[in-house]
Amino acid sequence: MNRLLQLGLLLTLVATVHAQVQHDFWPGRERVIPHVSGDEMWSGTYKNWKDSEAVKKSMAAGMMSRDINFKDFRWLEKSFDGELKVDMGREVFHRKSSNGRSCATCHGENGEKLKGWYATQPRFSAKANRVIVAATQISICAKEHLSEDWPENTRNNSLLDMYLAYLSDGRDVDIDVTSGPMKEAYEKGRDLFFKRTGHFHFACASCHTGVTTQSYLRGQRPSTFFGDAAHYPIYHFPYRLPGDDVEDIFTLQHQIKSCQMLSRMLPGVEGSRTLTAIEVFLKASANGYKMSIPTQEYNMSTGYLLRDGL
Amino acid sequence: MKMTRRRVMRGAVGAGGLRLLPGGLGVGLFCGSATTVAAPWPRSAFDATTRDDVLRLLFRDKTPVPSNAIQLTVPEIAENGSVVPVTVATSLSGVQTITLLAPGNPRVLMGQYVLGARGHAPVSVRVRLGKSQDIVAIVGTADGKLHSAVKPVKVTLGGCGG
Amino acid sequence: MRQFAKPLLAVAAICTAAAAQAQTAGSISGGDEMLDRIRAKWQPGGAEMIPQDVLTMFPCHDEELPCGKIPPPPVERVTFDGPLQGDAKRGEAIATNVRYGNCIACHILPGHEGGTIGPSLSEYSKRGMPLEYTYQRIWDVRAFNPYAFMPVYGPNRVLTDQEIRDVMVFIGTGGK
Amino acid sequence: MSNTIRGRAKVSANGQAEIRLLINHPMTIERIDPATGKRQPGHFIEEISAVHKGETVFSALCGQAVSQNPFLAFTVAGVEKGDVITVHWRDTKGENDRADITVA
């Protein structure tokens, strides 16, 4: 019976992309859609937080944070600490480098020409010939035009990332993953998000879907992955992981890497294809949700407890 | 206003040389920079390791009376003990000082906030808590009375840690 | 063993090519090559996070790296041998340490507040489960439910046989 | 402008200004040196004060329980738009800094 059973298993295998090795996946990959409303099929709470009006109504009705997918206190309150990082980012944006040029030289004072740009990132770059995230674009641009060496996880790159995201504050996330390399990256990111890896054999989806999002992971409560990407990069109370250059700005890739480290999975390299694919998947899962920058790591102010409105 | 400050001075000197705060109430006791007031930092109160010592050192024989006119807002669960937001608001009038205690911390006195004539609550800060405990807020009013409010905070660690 | 066949059939959808073979892990002697490789480089429960070169022994996200092509650990059904000898104190240290067993992340434990993702274990001793069930449950929960949100403590050598016994004593005998 | 104090002051209709401060400071707590067992004092801000029109309107005495990069928010009455509030801090090592915040 055992032999027959395994044969049955092999025959019903879905022809997956990873030809020879079959990976373990957390269930639900086929139920994701590249739009924030997809959350209705996961936590069923989307209608409670689909825009700030809905969040206010839900809060007034006394709903708990998890009924609003943690959009009440985590993300819709602007961060005072984050404003200071935006100021520092603006300063880096206008600072002239050794060749006398600054980002503002081409992109306009106060980033005039880059308003709304961050809401359409990541995207395919012909120059890099692959899908890249904003941080990678910043490092390419800085090297080429400012002859500055600012790889993805360095302080200046993260400050610029925060400032450019701030220039898209209030815009709806809008990245097109319906065709070409972006579609490929989205599907690769989706598979990686559901792929079980690491010492514990967890997937990102293990914590960020299903029952775990309704309950306590000791002191923390994971949210579902829809919509969260619209509020990155966030201000994080100084928290340095081994190898970190920046301890208080968490771009989306920095957050993914930090989560991998804390969940005993092999951490990726910021700017790599792997983390970029996962970021494409997460950002596409926030399509249609308004960006709100700067926000901060949850639980740093009592505003959400005083419910003094958004 | 004047009266309390002088009495507090005399009392302070008597209580084992603790120089309680006189400067915060508008008197120009300067040291270092010109226009600011260098309030002598109540070292022994901040070094005290029990709630009763802190109360004795700061308020001598007066005992705080629980009052529901103080809104002490703290998260019920603090996921990160090193940054716990605390807000103290109150409908009491003539508020002079707001003091925060964490009896579960090695050093119990967390801070004392002195409101000048035009200073008002709410006051918000972020503090560090060593473990789950009750945070105590004590509001001192011009009539010399002390009012207190208590709120529990559960300090937990994150679920994952590498 | 037969009553567990039903969930295995439900497994048809996932693409596990591994054969599930019984293995008497209870009697694994010291000569456990994977366990030695891990513990030679990292002692769990300390201040140090698990080193990255230990993590490359397990499946990882980046499929351009060799670990990206490591197949998932096969489901391991194990039997339980001999009397349950373990130390509740050590078990408690393992269960509540985030860099060791980290059971507290998802379970309320005897005398401890914990996560609420898994069932509370504070009264586990009252449930009077057979030792083999508890041992299999910790060693590799996928034998019962392939999608249980629980680390594969056994196959990935997160905990040794003795460490699991210590934890069992800690929760089995109602803690202290 | 000082480089460690960041502040915003916003006055509302009733002439009460809400002042929010963020101070860049490590705020380390006292440590017992494992080797010698000696008590190493912490390095943290002891006092933060705010002066408006020559009068100290608010003064905070802090212990080592205040978090890193301390945040402080309080309210002051009788303030108009354009006024300047001078904020000053002093720490256990005698270091200090000041900043003028104009009320928006």
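Every chain is numbered from 1 and lettered A, B, ... according to where its sequence line falls, protein lines coming before strand lines. Note that the structure is a prediction, hence the values are computed from the model and not measured.
- When each of D:H52, D:Q68, D:R20 is scored by its heavy-atom pairs under 4.5 Å with chain B, the top score falls to D:H52.
- In D:D33, the CG atom is crowded: over 12 heavy atoms of neighbouring residues, nucleotides or ligands sit closer than 6.0 Å.
- Of the two parts of D:Q16, only the side chain, counted from C-beta on, holds a non-hydrogen atom closer than 4.5 Å to a non-hydrogen atom of chain B.
- Between chain B and the residues D:A77, D:S67, D:G94, D:G63, the most heavy-atom pairs under 4.5 angstrom are made by D:S67.
- Counting heavy atoms of neighbouring residues, nucleotides and ligands inside a 6.0 Å radius, atom NZ of D:K81 does not exceed 12 of them.
- Neither the backbone nor the side chain of D:I45 has a heavy atom closer than 4.5 Å to any heavy atom of chain B.
- With a 4.5 Å cut-off on side-chain heavy atoms, B:R126 and D:L22 count as touching.
- Counting heavy-atom pairs closer than 4.5 Å to chain B, the top-ranked of the candidates D:I29, D:V66, D:V79 is D:V66.
- Within a 6.0 Å sphere centred on CZ of B:R56, heavy atoms belonging to other residues, nucleotides or ligands number more than 12.
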Check the pair D:L61, B:F46 against side chain to side chain contact (heavy atoms under 4.5 Å, CB included), reporting the backbone distance first and the verdict last.
-> CA-CA 9 Å; D:L61 295 171; B:F46 275 108; 4.0 Å; yes
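- The candidate from D:P70, D:A50, D:A17, D:A60 with the greatest count of non-hydrogen atom pairs under 4.5 Å with chain B is D:A60.
- Taken to the nearest 0.5 Å, the CE atom of D:M27 stands 6.5 Å off from the CZ atom of B:R128.
- Note: D:F58 and B:Y113 have parallel aromatic rings, judged against thresholds of 30 and 60 degrees for the angle between ring planes.
- The structure places CD of B:Q112 at 11.0 Å from SG of D:C62, a figure rounded to the nearest 0.5 Å.
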